[in-house]
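Model, not experiment: these values are computed from the prediction. Values reported hereafter were calculated over all heavy atoms of this structure, with side chains retained and with hydrogens, waters and symmetry mates removed.
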2 protein chains.
Amino acid sequence: MGPWRIEFLSGSKDKSATRRENLRERLLDAAEVVIGDKGLSALKARDLAERAGCALGAIYTAFHDLDELILQVNARTLSQLEQALATPHEVPKKKKELRRLALGYLHYARANEPRWRALFEHRMPPGKPLPNWYADERSRLFMLLEAPLARLLPHGDAESRRLKARMLFSAVHGITVLGLEEKLAPTPEAALDGQLSDFMDIFLRGLNDGG
Amino acid sequence: MGPWRIEFLSGSKDKSATRRENLRERLLDAAEVVIGDKGLSALKARDLAERAGCALGAIYTAFHDLDELILQVNARTLSQLEQALATPHEVPKKKKELRRLALGYLHYARANEPRWRALFEHRMPPGKPLPNWYADERSRLFMLLEAPLARLLPHGDAESRRLKARMLFSAVHGITVLGLEEKLAPTPEAALDGQLSDFMDIFLRGLNDGG
DNA sequence: AGAACATAATGAACTACGTTCATTAAATGT
DNA sequence: ACATTTAATGAACGTAGTTCATTATGTTCT
């Protein structure tokens, strides 16, 4: 606990630390713009350096490699998504709430498609596993559905509710992914919304009637 | 209708055409091995040429670029998948048949994961849309579920049945994608099978009871 | 068969990318 | 003010996909 205190009091390493933090932010902001605009595949180290106003090599003083930077951008996307889906308060109509979450997911994906796609397109180089902090971030998405589902399913143990939540999220994700895939012969927005809404009806009806 | 006849009778362009076809096959076979073994990201032009026993540049006499070659491999994967899911004859228990298809999809994906992933990982370079023949191949996957679903849902028009089939496939795909994603904290195979089976129960129950 | 022509195969070279590292510049400590 | 530690720099490297002048191989005609 000593080091930061000494730095704070003396100001010794402080400036360089905040400069580095500044650079990280500038790089993340620039990367966010590129990924949000043209998608993950448009992210190029040289372009990024130019946008952030730093040298090419400076990227690697702020991040170990581009993968680390991309994961940070994805983490930002995940919290944006979480905020977009945030449940206002306690909700009386529980089914409605689950439908709202599913449609919210679809709407966020549609409105931020390249950013949202980056969450699933990005692959670590072989041998390097996802860092734990990132896996944790992602699992928060599932937990977002777990709470409303748990209220809807007072029967069953916590584990089976967790699995059902995951199942539901996966199905909604699949319908979203394939629904947004085809740019040609495009499914009209309202039609896809309707399909996802129908799906929620079907799924929730099936859940209830089965116990 | 003239040209091929003249070629056939004279044998003029015949050899070179079959040679080219041979090269295409060797390249596709080699690419299939690499993608099936190490995934799409392991496919390298120079390695491919070596495996196929041809020069680097020869790849581009057989295919316009690697994207075209990858799409051909994916087309092979799609027919393999179709064969794996082929319905034996007419099936009496329709729900069972749909569950068989869903589990068949999961099992194919699990048993051929890198190949199967390549179907969804590959992206065309910006500006180049998917060729129509490939989009058609892919839509055959959906039609595979459409027939059993149609038998299960005598009510409703053809279009709504088509949409339901697509919805069901998308949901199954989503559960498969996310279920196979996490190599760490791996869902045991039987557990994932059980979840997908449960999902089909829930979905089909919801379908029936809603009319 | 052999010359003239057409077609295909070749791999060095080009472009574009991520990453590294010897060099230069800046910040910090005395 | 100087010495020392720390950060920024961009040329250079390794690895990609793709191209194209050159070489080799077929095909056609006499």
Side-chain angles (χ1 to χ4, degrees), chain A residues 3 6-27 30-31 34-35 38-73 122-128, chain B residues 3 6-27 30-31 34-35 38-71 73 121-128:
Chain A
I6 292 168
E7 286 164 20
F8 177 73
L9 290 177
S10 68
S12 67
K13 309 255 177 178
D14 190 34
K15 289 228 190 73
S16 61
T18 59
R19 278 170 66 86
R20 187 212 213 53
E21 206 44 53
N22 250 341
L23 177 58
R24 280 173 72 94
E25 264 175 48
R26 280 186 353 255
L27 284 167
V34 173
I35 291 175
K38 304 279 181 189
L40 194 53
S41 64
L43 191 73
K44 303 292 145 82
R46 285 166 181 79
D47 175 58
L48 194 60
E50 193 170 1
R51 285 167 186 264
C54 72
L56 178 56
I59 295 174
Y60 300 88
T61 69
F63 298 94
H64 177 262
D65 55 22
L66 287 191
D67 288 316
E68 190 190 319
L69 182 143
I70 290 166
L71 289 184
Q72 297 284 352
V73 172
H122 179 253
R123 297 272 163 239
M124 279 287 157
K128 280 203 165 189
Chain B
I6 292 168
E7 286 165 18
F8 176 73
L9 290 177
S10 69
S12 68
K13 309 253 177 180
D14 189 35
K15 290 231 191 75
S16 61
T18 58
R19 278 169 66 87
R20 187 211 214 54
E21 205 45 52
N22 250 338
L23 177 58
R24 281 173 69 95
E25 262 175 50
R26 272 174 15 240
L27 285 167
V34 173
I35 292 175
K38 305 280 181 188
L40 195 51
S41 66
L43 191 73
K44 304 293 145 80
R46 284 166 182 79
D47 174 58
L48 193 60
E50 193 170 1
R51 286 167 185 264
C54 71
L56 179 56
I59 295 173
Y60 300 89
T61 69
F63 298 95
H64 177 263
D65 54 22
L66 286 192
D67 288 316
E68 190 190 318
L69 182 142
I70 291 166
L71 289 185
V73 173
E121 279 175 9
H122 180 253
R123 297 274 163 239
M124 279 287 157
K128 279 202 166 188

Requested in this report: Examine distances only and state if a side-chain atom of A:D65 and a backbone atom of A:E68 form a donor-acceptor pair shorter than 3.5 Å.
Outcome: yes

Report summary line: Of the candidates D:dT9, C:dT19, D:dT18, the side chain of A:D65 sits closest to C:dT19

Requested in this report: Could you tell me the separation between the NE2 atom of A:H64 and the CG atom of A:L69, rounded to the nearest 0.5 Å?
Outcome: 13.0 Å

Query - Length of the CG-C1' vector between B:L23 and D:dT25, whole Å - result: 15 Å

Requested in this report: Give one of base, sugar-phosphate or nothing for A:L69, where a contact means two heavy atoms less than 4.0 Å apart.
Outcome: nothing

Report task. Measure the distance from CG on B:L48 to P on D:dT18 and round it to the nearest whole Å. Result -> 11 Å

**Report entry** Main-chain N/O of A:A30 paired with A:R51 side-chain donor or acceptor, under 3.5 Å
**Finding:** no

Query raised in the report: Is the shortest side-chain N/O distance from B:T61 to OP1 or OP2 of C:dA8 below 4.0 Å?
Result: no

Query - Atom-pair distance (NZ on B:K128; C1' on D:dG17), nearest Å - result: 12 Å

Report task. Could you check A:A55 against A:R46 and say which one's nearest nucleotide on DNA chain D is further toward the 5' end? Result -> A:A55

**Report entry** d(CG, B:D67; P, D:dG17) in whole Å
**Finding:** 10 Å

Report task. Write down the distance between CG (B:D47) and C1' (D:dA16), rounded to a whole number of angstrom. Result -> 13 Å

Query - Integer-rounded Å distance: D:dA11 C1' and A:L56 CG - result: 10 Å

Requested in this report: State whether the side chain of B:R26 and the backbone N or O of B:A52 hold a donor-acceptor pair below 3.5 Å, judged by distance alone.
Outcome: yes

Query raised in the report: Rounded to the nearest Å, what distance is computed from the CD atom of residue A:E68 to the P atom of nucleotide C:dT19?
Result: 11 Å

Query raised in the report: When all nucleic acid strands are considered with a 4.0 Å heavy-atom cut-off, which category describes B:L66: base, sugar-phosphate, or nothing?
Result: sugar-phosphate

Requested in this report: Could you pick out which residue, A:K44 or A:H64, lies toward the 5' side of DNA chain C when each is mapped onto its nearest nucleotide?
Outcome: A:K44

Requested in this report: Could you pull out the closest heavy-atom pair between A:V73 and A:A31, with the gap in Å?
Outcome: CG2-CB, 3.8 Å

Requested in this report: Assign B:L43 to base, sugar-phosphate, or nothing according to its heavy-atom contacts below 4.0 angstrom with the strands shown.
Outcome: sugar-phosphate

